[in-house]
Amino acid sequence: MSKENMVVMRQSAGNDLIHAGAGFVDTVNTKFGERPVIHLRPNGAARTEKGQHILVFAGKEMQHLPEDIIVHGDVASKNPQYVVYAGDAPVGSGWLKQGKKEFLSLVLNKSVDSDRLTVFPRAPSDAAE
């Protein structure tokens with residue numbers, strides 16, 4: 001995993017954020033063409049039950065989430081802009097948020113029994129036809 005494309009996961013623990021794992025940005029081929037994705041590796045401290053929130057930030061070397069990831073999001077939108085998968089099953093949704101930096105806020109809709117998650121930007125509606 002190259003530090004230039006690394007992301008970190010955080011979760012709420014009271015008033016603090018704890019380290020919940022790491023991941024990396026990649027590009028994969030899908031039926032919609034080549035798409036950017038984020039592969040996440042939750043650690044033992046990560047809570048992956050239904051209803052849990054996971055925050056994804058750019059790693060230290062990257063400084064900001066890549067443009068090809070954030071271009072699919074809109075900070076003002078309330079509609080899900082990203083889909084979280086465990087294997088081939090969708091397990092959550094995500095939104096682009098703005099704090100001091102842009103980050104992804106993911107919510108798990110199902111409990112996850114996997115040490116790997118993948119975040120895809122939602123497919124463009126015209127590509128789904």
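Being a predicted model, the structure only gives us computed values, none of them experimental. The residues of the chain are indexed from 1 along the displayed sequence. No hydrogens, no waters, no symmetry mates; every other heavy atom, side chains included, goes into these values.
- No chain of hydrophobic side-chain contacts below 4.5 Å, direct or via other Ile, Leu, Val, Met, Phe, Trp or Tyr residues, connects F57 to V7.
- One hydrophobic cluster, built from ILVMFWY side chains closer than 4.5 Å, holds both L108 and L96.
- With contacts defined as side-chain heavy-atom distances shorter than 4.5 Å, the pair K101/Q63 qualifies.
- Following chains of ILVMFWY side-chain contacts shorter than 4.5 Å, one can reach F103 starting from L17, so the two form part of one hydrophobic cluster.
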Could you please spell out the steps behind the side-chain contact (heavy atoms from CB on, under 4.5 Å) verdict for L104 and K97? CA-CA 6 Å; L104 294 179; K97 300 287 186 176; over 6 Å; no
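- S77 is not listed as a side-chain neighbour of W95, based on a closest heavy-atom distance of 4.5 Å or more.
- Note that the CG atom of L55 and the CD atom of Q11 stand 8.0 Å from one another [nearest 0.5 Å].
- Closest approach of A58 to L65, counting heavy atoms only: CB-N, 3.6 Å.
- In this structure, I18 and R10 have side chains that are not in contact, with every pair of non-hydrogen atoms separated by 4.5 Å or more.
- Atom CG of residue L117 and atom OH of residue Y85 lie 13.0 Å apart, to the nearest 0.5 angstrom.
- The shortest distance between side-chain heavy atoms of N5 and D26 does not fall below 4.5 Å.
- Annotation: side chain of V25 is not in contact with side chain of M6 (no heavy-atom distance under 4.5 Å).
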Apply ring-ring contact (aromatic ring centres under 6.0 Å, His included) to residues Y82 and F120 and explain how you reach the verdict. CA-CA 6 Å; Y82 301 87; F120 283 89; over 10 Å; no
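- Across all their heavy atoms, Q81 and D74 have their closest contact at NE2-O, 2.8 Å.
- Between V84 and P90, every side-chain heavy-atom pair lies at or beyond the 4.5 Å cut-off.
- Considering all non-hydrogen atoms of both residues, P42 and R116 come closest at CD-N, 4.3 Å.
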Take H64 and E102, measure what side-chain contact (heavy atoms from CB on, under 4.5 Å) needs, and give me the verdict at the end. CA-CA 7 Å; H64 302 284; E102 288 177 318; over 6 Å; no
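- Side-chain atoms of D68 do not come within 3.5 Å of backbone N or O of V71 as any donor-acceptor pair.
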Test side-chain contact (heavy atoms from CB on, under 4.5 Å) applied to V83 and V119, step by step: CA-CA 6 Å; V83 181; V119 180; over 6 Å; no
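- Note on V91: it clusters hydrophobically with L40, by side-chain heavy-atom contacts below 4.5 Å among ILVMFWY residues.
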Chi angles and distances behind the side-chain contact (heavy atoms from CB on, under 4.5 Å) call for S93, V107: CA-CA 6 Å; S93 302; V107 178; 5.7 Å; no
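- Across all non-hydrogen atoms, the minimal contact from A86 to V112 is CB-CG1, 4.0 Å.
- Taking every heavy atom of both residues into account, L106 and G94 meet most closely at CD2-CA, 3.7 Å.
- Applying the side-chain hydrogen bond (donor to acceptor under 3.5 Å, both in side chains) definition to pairs two or more places apart or across chains, those involving residues 46-55 are R47-Q52.
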